[in-house]
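Heavy atoms only: backbone and side chains are in, while hydrogens, waters and symmetry mates are out. Please read these numbers as outputs of a predicted model, since none were measured by experiment. Every chain is numbered from 1, with letters handed out A, B, ... down the list of sequences.
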Amino acid sequence: MECQECHERPATLHFTQISNGEKTEIHVCEVCAKEKGYLTYPDEAYSFHHLLTDLINFNASKIESVENDAFKQQAQELTCPHCGMTFTQFKRIGKFGCASCYHTFSTRLDPIFRRAHAGNTKHNGKVPKRTGIDLQTRKQLEDYKKELQYLIETEAFEKAAIIRDKIKALESSSKKSEAGDKS
Amino acid sequence: MSLEHFIDNAISPWMRNDGPESDIVLSSRIRLARNVADVSYPLIADEEKLEEIRDFFQENYEHQSFRNHEDLEFISISDLSAIEKHVLVEKHLISPHLVKYSDEAAALISQDEQISVMINEEDHLRIQLYYPGLQLRNALEDAFALDDWLEERVDYAFDETRGYLTCCPTNVGTGLRASVMMHLPALTLTKQINRIIPAINQLGLVVRGIYGEGSETIGNIFQVSNQITLGKSEEDIVSDLESIVNQLIGHERNARSILMKQSELTLEDRIYRSYGVLEYSRIINATEAARCISNVRLGIDLGIIKHTSRSILNELMVLIQPGFLQHFAKKNLTANECDVLRASLIRERLELEK
């Protein structure tokens, strides 16, 4: 379900508002909820002390056990299963707790990365040599395919044929190594 | 060889070699941020996990050599005295962050001091490589090979879309920070630098003081580095930085020759006065010392001051720092005592050049 306010992000908060005896269902995303004042966030009143205690007691179950509405809301939000960091905590300190956080918060990271990296959200550089062999081949294939496309468009067919052969060779060799792994 | 030799010498061995453009570019640095897969970042990880990582690197890499960078020295930060930590930071061999936060922090430093691998900094690994002068490409090539060499025995936290997963979102992707230390006295003197810095910032690069983030510029030394780590290849990041650095070099040389043409005597006066202060003062604070050293170095570059080696700038910049002074004195010093010792060490050092 999409957010009824911005129609961009998925609605993550659902609640029923009763005003003057009239019931209204509200489905919004966190950003709009905050903007429209549906939600008061604890971080406005958050002190340095809280920040430290949160860091020290990095345990989501503790947060859940606190009898406090604000904290309950936090517990419902994205929490990294590996290190227990919540998205709110991540936003407050600006650092990830572990590599799994990237996966846990993945749907909300693009705007943050875009701001920090001039609009970029995807890695386009080095790949680990040992653990990333498959990745490297795939990346090389992608590069070749792009080049092939360009060569065909510019009608450089002789060069295109060379690239095509390279793609074939690369594809067959990666298949062989996969088969080798299985046997 | 041991820790002492890193600490006793103000100048790192590699600084004695001149690199390309070394009249303006003091050094090039490549830093790669890497993390061990499946372990939380040092910010929140359990002590035992971090100890495991630290011990793993000691067991596997202590006294190993990588290419021509011989004999990696393993240094556990908690074994260092406060002054020793200070000196290693002043020499840029370790970061202020490494000293500050983690009890499990360590570093592997090669004897030539070109390689420093920091362990349990903000990320599990911060791989650093220094080269004299403007040699970003060589440094990158070396850093890549070093990265691969380490990776033979370590599984990195890596994601196909996001790249190398770092603790701070500003390092994700390549984990690369390429930086160049530049001496820009003429651009500072003519105030052109005030127009140039904002322009550079707009290009996704950052200009900072000599000790990195948040530090002041001292001695007209500026650090220029990339800010964007995601979406661009390492080669592109480095070549973008290089082209800006080359333009800065051009502007600085231009400003120098204009100064020489238009006000040679004033410039000469300024340089010799600074030399005089360094040679004769008995009490000198770090800021004044840095300013004078910068002027003298400019004098050397312009051929006004002869028979003094260029590396004196790099060397004196470390020599005048409080940590180094206190290490030399073998005790804690007050600010005043530092100023006295600083003046006397500078005098002695200049005497050696005669």
Side-chain angles (χ1 to χ4, degrees), chain A residues 51-52 54-60 80-87 89-139 142-143, chain B residues 32 34-46 49 122-124 140 143-145 147-176 202-205 226-238 240:
Chain A
L51 196 156
L52 278 175
D54 267 15
L55 272 181
I56 295 158
N57 309 313
F58 231 96
N59 192 336
C80 176
H82 183 263
C83 69
M85 185 175 274
T86 65
F87 189 68
Q89 284 169 327
F90 161 69
K91 277 201 302 190
R92 194 180 319 121
I93 56 178
K95 306 270 153 102
F96 292 104
C98 69
S100 306
C101 291
Y102 279 90
H103 182 72
T104 314
F105 307 145
S106 79
T107 51
R108 304 193 192 174
L109 294 178
D110 280 1
I112 296 169
F113 289 158
R114 250 182 245 130
R115 225 174 302 140
H117 300 285
N120 299 320
T121 57
K122 288 202 173 101
H123 179 54
N124 190 20
K126 193 173 190 279
V127 163
K129 197 178 178 189
R130 184 173 49 85
T131 49
I133 292 175
D134 284 357
L135 281 176
Q136 276 175 338
T137 332
R138 240 184 295 159
K139 200 166 171 290
E142 264 175 43
D143 288 350
Chain B
L32 299 171
R34 299 288 187 257
N35 283 283
V36 178
D38 303 322
V39 183
S40 294
Y41 299 142
L43 177 69
I44 59 164
D46 295 336
K49 287 280 185 192
E122 183 179 280
D123 296 295
H124 295 136
L140 183 67
F144 269 7
D147 184 37
D148 293 340
W149 183 65
L150 293 173
E151 197 237 345
E152 280 172 21
R153 280 181 262 185
V154 186
D155 283 338
Y156 282 155
F158 181 85
D159 177 86
E160 210 179 320
T161 347
R162 306 295 194 193
Y164 292 93
L165 305 177
T166 55
C167 179
C168 186
T170 57
N171 290 319
V172 71
T174 57
L176 169 72
Q202 283 188 340
L203 295 168
L205 299 173
N226 66 301
Q227 185 148 46
I228 293 161
T229 58
L230 185 66
K232 288 210 275 182
S233 72
E234 289 86 348
E235 289 81 5
D236 286 350
I237 291 172
V238 161
D240 287 355

Trainee: If you count heavy-atom pairs under 4.5 Å between each of B:P169, B:P42, B:G204 and chain A, which one has the most?
Mentor: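 Among B:P169, B:P42, B:G204, the one with the most close pairs to chain A is B:P169.
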Trainee: Minimum heavy-atom separation for B:N226 to B:L205, with atom names?
Mentor: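 Between these two residues, the closest heavy atoms are CA-CD2, 3.6 Å.
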Trainee: Not counting sequence neighbours, list each pair that qualifies as a side-chain hydrogen bond (donor to acceptor under 3.5 Å, both in side chains) and has a residue in residues 37-46 of chain B.
Mentor: none
Trainee: Between A:F96 and A:F90, what is the ring plane arrangement, given parallel below 30°, perpendicular above 60°, and tilted in between?
Mentor: parallel
Trainee: Residues in salt bridge (charged side-chain N to carboxylate O under 4.0 Å, His left out) with A:K126, at least two apart?
Mentor: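 A:K126 satisfies salt bridge (charged side-chain N to carboxylate O under 4.0 Å, His left out) with B:D147, B:D148 once adjacent residues are dropped.
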Trainee: For chain A, find which of B:V172, B:N35, B:V39 contributes the most heavy-atom pairs closer than 4.5 angstrom.
Mentor: B:V172
Trainee: Would you say that more than 12 heavy atoms from the other residues, nucleotides or ligands in this model lie under 6.0 Å from the NE2 of A:H103, or not?
Mentor: no
Trainee: Which bit of B:V154 comes within less than 4.5 Å of chain A, counting heavy atoms only: side chain, backbone, both or neither?
Mentor: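 Interface part for B:V154: backbone (N, CA, C, O).
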Trainee: Is A:D110 salt-bridged to A:K122, going by a charged N under 4.0 Å from an acidic O?
Mentor: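 Salt bridge: no.
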Trainee: Is it the side chain or the backbone of A:T121 that comes within 4.5 Å of chain B heavy atoms, both, or neither?
Mentor: both
Trainee: Between atom CD of B:E235 and atom CZ of B:F144, what is the distance when rounded to the nearest 0.5 Å?
Mentor: 5.0 Å
Trainee: Taking every heavy-atom pair that is under 4.5 Å apart, which of B:L230, B:T170, B:L165, B:T166 has the most such pairs with chain A?
Mentor: B:L230
Trainee: Give the member of B:A37, B:G163, B:C167 that has the highest number of heavy-atom pairs under 4.5 Å with chain A.
Mentor: B:C167
Trainee: Name the member of A:A116, A:A99, A:G119, A:C101 that forms the most heavy-atom pairs with chain B at distances under 4.5 Å.
Mentor: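 Top option by heavy-atom pairs under 4.5 Å: A:A99.
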Trainee: Determine the option with the most heavy-atom pairs under 4.5 angstrom with chain A, choosing from B:D159, B:T229, B:L176.
Mentor: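 Max contact count across the listed options: B:T229.
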Trainee: Quick check on B:E122 against chain A: is it the side chain, the backbone, both or neither that has a heavy atom closer than 4.5 Å?
Mentor: side chain
